[in-house]
Amino acid sequence: MVNEKVAVLEGKFDISRATETIANPEAGGYVIFLGKVRNQSRGRKVLKLIYEVYDEMAVEEMKKIREEALKKFGITDMLIWHRRGELKVEEDTILVVASAPHRKEAFEACMWAVDEVKKRVPVWKKEITEEGAFWIEGDKAVPAKDYHGK
């Protein structure tokens, strides 16, 4: 069971455990963002995603994002967990939980943190679709030349 506020993990997230990890009596609102693998992207049917992560660097950058959020939004705490490995449709990909005295700060901090993770954290996503494999780079899908249909 994970108690870290920032982590790269394998396996389904325990949302109750996540909220307990950042529990604070000063927090009146908790905002949870749970990302999942969807079954389509860019007009293609997605079969699965493969996340490759530089774990140590990813954790360090997520710690920075968390610290920045604490200062910038006046929240009481934040948790950021990201998955690695091969994930099927509907499996968890990212979990961000922000707690704050009021909902507004928690919502703003959570949205900001998700966007920052996508921009800054060294996580690479490969979509495996019915049409082949594609590395996702921002808004672009680049064909993966090394995929052989496995």
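Atom set for the values below is all heavy atoms of this structure, side chains included, hydrogens, waters and symmetry mates excluded. These numbers come from a predicted model, not from an experiment. Throughout, residue positions are numbered sequentially from 1 according to the sequence presented.
When all heavy atoms of Lys126 and Ala133 are compared, the closest pair comes out as CD-CB, 4.0 Å. Shown here for Ala106 and Ala100, the closest heavy-atom pair between the two residues is N-CB, 3.8 Å. Nearest heavy atom pair, residue Val6 against residue Lys63, reads CG1-N, 3.9 Å. Across all their heavy atoms, Leu70 and Asp77 have their closest contact at CD2-CA, 3.6 Å. Pairing each heavy atom of Ile75 with each of Ser99, the nearest pair is CB-O, 3.1 Å.
Both Val59 and Tyr51 are part of a single hydrophobic cluster, where members link through side-chain heavy atoms under 4.5 Å apart. Follow the hydrophobic side-chain contacts under 4.5 Å out from Val53 and you reach Val96 in the same cluster. Following chains of ILVMFWY side-chain contacts shorter than 4.5 Å, one cannot reach Val97 starting from Ile94, and the two form parts of different hydrophobic clusters. No path of Ile, Leu, Val, Met, Phe, Trp and Tyr side chains, each step under 4.5 Å between heavy atoms, connects Leu47 with Val89, placing them in separate hydrophobic clusters. No path of Ile, Leu, Val, Met, Phe, Trp and Tyr side chains, each step under 4.5 Å between heavy atoms, connects Phe13 with Ile80, placing them in separate hydrophobic clusters.
Remark: Glu131 engages no residue in a side chain to side chain donor-acceptor pair (under 3.5 Å) (not counting sequence neighbours).
Pairs engaging residues 106-117 under the side chain to side chain donor-acceptor pair (under 3.5 Å) rule: Glu116-Lys119, Glu116-Arg120 [sequence neighbours left out].
Remark: of the listed residues Leu49, Thr129, Val46, Val46 is the sole one forming a side chain to side chain contact (heavy atoms under 4.5 Å, CB included) with Ser41.
Met62 has its side chain out of reach of Val123: every pair of non-hydrogen atoms, C-beta onward, lies at least 4.5 Å apart.
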Salt bridge (Lys or Arg N to Asp or Glu O under 4.0 Å) evaluation trace for Glu10 with Arg84: CA-CA 6 Å; Glu10 293 182 15; Arg84 81 162 83 72; 3.0 Å; yes
CA sep, side-chain torsions, deciding dist, call: Arg42, Phe134, side-chain contact (heavy atoms from CB on, under 4.5 Å): CA-CA 11 Å; Arg42 298 168 182 81; Phe134 300 86; over 6 Å; no
Audit row: Lys64, Glu68, side-chain contact (heavy atoms from CB on, under 4.5 Å) steps and yes/no: CA-CA 6 Å; Lys64 290 177 188 175; Glu68 289 171 32; 4.1 Å; yes
Salt bridge (Lys or Arg N to Asp or Glu O under 4.0 Å) assessment of Glu91 paired with Arg83: CA-CA 10 Å; Glu91 284 194 273; Arg83 295 277 303 275; 3.6 Å; yes
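A distance of 9.5 Å separates CG in Asp55 from CG in Leu9, rounded to the nearest 0.5 Å.
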What side-chain donor-acceptor pairs closer than 3.5 Å can you find for residues 22-38, not counting sequence neighbours?
{"residue": "Asn24", "atom": "OD1", "partner": "Glu26", "partner atom": "N", "Å": "2.7"}
{"residue": "Tyr30", "atom": "OH", "partner": "Asn24", "partner atom": "N", "Å": "3.1"}
{"residue": "Lys36", "atom": "NZ", "partner": "Glu90", "partner atom": "O", "Å": "3.3"}
{"residue": "Lys36", "atom": "NZ", "partner": "Asp92", "partner atom": "OD1", "Å": "2.7"}
{"residue": "Arg38", "atom": "NE", "partner": "Gln40", "partner atom": "O", "Å": "3.0"}

